[in-house]
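Down below is the structure, laid out as structure tokens.
Just so it is clear: chains get the letters A, B, ... in the order the sequence lines come, proteins before strands, and each one is counted from 1. Since the structure is predicted, the reported quantities are computational estimates derived from the model, not experimental observations. Worth knowing before you read on, the calculation uses all heavy atoms, side chains too, and leaves out hydrogens, waters and symmetry mates.
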Amino acid sequence: MSHRIINNEFLNQQVFRLTVEAADIAAKIKPGQFIILRLDEKAERIPLTVSQANPQQGYIQLIIQKIGTSTIRLSELKPGDIIQDMIGPLGQPTEIKNYGKVICIAGGVGIAEIYPLAAALKNAGNTLSSIIGARNKDLLMLEQEIKQLSSCFYSVTDDGSAGAKGNVGDILKKLLTEQSYDIVFAVGPVAMMKAIAELTKKYKLKTIVSLNSIMVDGTGMCGSCRVSIAGKTKFVCVDGPDFDAHLVDFAELAMRQKRFTKQEKHCLPENKEHKACH
Amino acid sequence: MSLNIVRQPMPSQDPESRIKNFDEVALGYTLEQALEESKRCLNCKNAACIKGCPVQINIRDFVQSIKTKDFLNAYKILKSANNLPGICGRVCPQETQCEQACVLAKQGNPIAIGRLERFVADWAIENNITDLKLDLKKNISPKVAIIGSGPAGLTCAADLAKAGFKVTIFEGLHAAGGVLRYGIPEFRMPKKILDHEINLIKSLGVEISINVVVGKTKTIDDLRKQGFKAFFISTGAGLPYFLEIPGENLNGVYSANEFLTRINLMKAYKFPEYETPISIGEKVCVIGAGNVAIDCARAALRLGAKKVIVVYRRSQTEMPARDEEIINAKEEGIEFELLTSPLKIIGDAQGNVIAMECQKNQLAEVDASGRKSPVPVLGSEFTIKTQTVICAIGQGPNPLLISNLPELNLNSRGNIIVDENMQTNLMGVFAGGDIVTGAATVILAMGAGKKAALAIGQYLKK
């Protein structure tokens, strides 16, 4: 099974969208699930959320942020290039049903992950309020796509260069004081998900977060991605990536995301000629 | 004719230099050594060694062939029973199997069967013996799907292919071999040996489909629709157990599986040329004393740890690792903190491991495992400074595939239940290896693969 790049386009300065052949995965993948890929022999295995799948034409789309050299190398792929290895779909799908009134919240590259989920929730008959946020205008994306799905749509930036100035939590706080909702889905940086969880907990509003953690095999074999959920160790790769936000130990998750910071710095492009890290 | 009473020693890299590289430690017999060793074989009429082998290699005849310098014949004998001789010659616990059954074992000097097996397998690689002109049957259907490419799956696939069946192995990772690929380090079993033996299995007509997670990418039902008539589940013991003590999720605590997968599958020891990182402290504690624990300890040393301590709750007598590996580890300077159980792992403000609190045990009555059980000594708590902790306390059955087969019968530990023909309660679905027995050895998994291949052959002929 070859994984040929069909298209690669930048959505903003840091984020790009890869369209890649993956017929088996496209045929099976559901919202909330992810894949693991290895670009070539020497590359890392990295988990990535699928933002769109086309089972008829046998391709998937990945929206990726350039954060280390692995993702920088992926950003340089051109149509016709090959990704050596890809497995999936991995993880449990998000439970899609008619919950009623749903808030979808995403920050940064999480916007790419919330989009297919929002589309599926909309399809299932939910009424969506969506809040997306980023550091600045250049890092926002998919505003039109998500807006179209939503009855209420809010975009925010830290510096006010697009949408309202502030963060997604400010908007959420406002929404929650105005009326009641049935469920919240949130994807983004750990600090953002933590803040949202703390807020919705006060309202006893069920909140599902999709967690990102460091993985190797992605099939439950290594335990690299373990997180504490209500005090019990779970594996993001097989038990998640969706978890009840009110049960997640976000402090531990934030800490575990820094497991290889020292090594990653060591091999960033400015420190090491074209040696990569995730 | 005067014969050596003691067996030929294994030449090896000296400890001081080998702890600085990942090259194979045991260098293998020279031709002269192999001949000398083979001459010690008594050519017993009732060769007990063969009964000691889980795959019933005709050990006596292959050793006798070495004696007459007919290495090709020795190789043929090996390969007729064992599809992975280069691997088994290196990692089988011969001391509790064939060599234990050897009549010379009574004097403490059994024939070095494993070393001779390795010698013959390596001879075949050096002399490029890739085509044994086996009498392959040409029937190409029906199709059999093997799930998992570890020792059980590879063996089952090879035997079925030899019997004329069309076989595809589905492997979830990006390279075949299962635990032989991600678990066993280069210094104990080089990947080029594994690659060679897998290539020979492919040359029998076996297809290996990598990057397919059965249960996710394809289900058993999908495969049935694609025409597969029988299935062999050999997904191994791929679920790491943790200590379930405070601090196990601190940065610097690895499961043995993660630690070894980063090193063996992803080649983190070549970081940054290979991009997968691994982080190792100056002081490393490995919990457990099986072969996996010893592999972790020796790998940690090679990654640059200044001090590596194996922490084990029982005494040396109960250590499950092979004696040979324990001796290797001690030669390399690995320390053992025996009769010791970890109580908690302690971290700093950033969540990095800085120490481990332990307590001493004494041994009491024999427990269900047949070994003396450890009992804590009150007031014996003490702290070991360490930056890395590796949990090598065993693995359970990986639930990924079997959780997608809810109707499959499992025992209380989550292992698949099979009958005497390795058949599960599902039509045409067989299972074997660690997914059935719980974590065991390469050779026992191979034995299960062989047995299943016979049973699957009979099932399909019906």
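Heavy-atom contacts from other residues, nucleotides or ligands closer than 6.0 Å to NZ of B:Lys191 number more than 12. Within a 6.0 Å radius of CD in B:Glu282, other residues, nucleotides and ligands contribute 12 heavy atoms or fewer. Within 6.0 Å of CD in A:Glu41 there are more than 12 heavy atoms belonging to other residues, nucleotides or ligands.
By the 4.0 Å N-to-carboxylate-O rule, A:Glu44 lies too far from B:Arg262 to be salt-bridged with it.
The most heavy-atom pairs under 4.5 Å with chain A, out of B:Asn398, B:Ile210, B:Val212, B:Leu265, come from B:Asn398. Ranked by heavy-atom pairs shorter than 4.5 Å toward chain B, the options A:Ser224, A:Ser228, A:Cys222 are led by A:Cys222. Annotation: maximal heavy-atom pairing with chain B below 4.5 Å, among A:Thr219, A:Ile25, A:Leu90, occurs at A:Thr219. Your options are B:Gly238, B:Ala256, B:Gly252, B:Pro399, and the one with the most heavy-atom pairs under 4.5 Å with chain A is B:Gly238.
Proximity of a side-chain donor or acceptor of B:Ser279 to a complementary backbone N or O of A:Phe260 within less than 3.5 Å is not detected. Checked by atom type and distance alone, the side chain of B:Thr217 pairs as donor or acceptor with a backbone atom of A:Gly88 at under 3.5 Å. Checked by atom type and distance alone, the side chain of B:Asn249 never pairs as donor or acceptor with a backbone atom of A:Arg226 at under 3.5 Å. Judged by distance alone, with hydrogens and angles left aside, the side-chain atoms of B:Lys216 form a donor-acceptor pair with the main-chain N or O of A:Gly91 at under 3.5 Å. Under a 3.5 Å cut-off, the side chain of B:Asn211 and the backbone N or O of A:Ile87 do not form any donor-acceptor pair.
You'll find the side chain of A:Phe235 reaches within 4.5 Å of the side chain of B:Pro240, heavy atoms only. The shortest side-chain heavy-atom distance between B:Gln395 and A:Met221 does not fall under the 4.5 Å cut-off.
Heavy-atom distances place no part of B:Glu244 under 4.5 Å from chain A, backbone and side chain included. Looking at A:Arg256, both its backbone and its side chain come within 4.5 Å of chain B, counting heavy atoms on both sides. With a 4.5 Å cut-off on non-hydrogen atoms, B:Phe259 does not touch chain A at all. Using a 4.5 Å cut-off between heavy atoms, B:Leu400 contacts chain A through its side chain alone, with no backbone atom that close. Neither the backbone nor the side chain of B:Leu260 comes within less than 4.5 Å of any heavy atom of chain A. Neither the backbone nor the side chain of B:Asn352 comes within contact range of chain A, judged by heavy atoms closer than 4.5 Å. Only the side chain of A:Gln33 comes within contact range of chain B, judged by heavy atoms closer than 4.5 Å.
The shortest non-hydrogen separation linking B:Asp222 to A:Lys28 is OD2-NZ, 2.5 Å. Annotation for B:Gln350 and A:Met255: closest pair O-CG, 3.4 Å, computed over non-hydrogen atoms.
No side-chain donor-acceptor contact under 3.5 Å links A:Asp217 and B:Thr261. Side chain to side chain, A:Thr233 and B:Glu248 meet the donor-acceptor criterion of an N or O pair below 3.5 Å.
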Requested in this report: Just do the salt bridge (charged side-chain N to carboxylate O under 4.0 Å, His left out) check on B:Glu275 and A:Arg45 with the steps written out, would you?
Outcome: CA-CA 9 Å; B:Glu275 294 163 2; A:Arg45 291 169 66 95; over 6 Å; no
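For the side chain to side chain contact (heavy atoms under 4.5 Å, CB included) with A:Lys42, the qualifying choice from B:Met266, B:Glu273, B:Lys267 is B:Glu273, the only one to do so.
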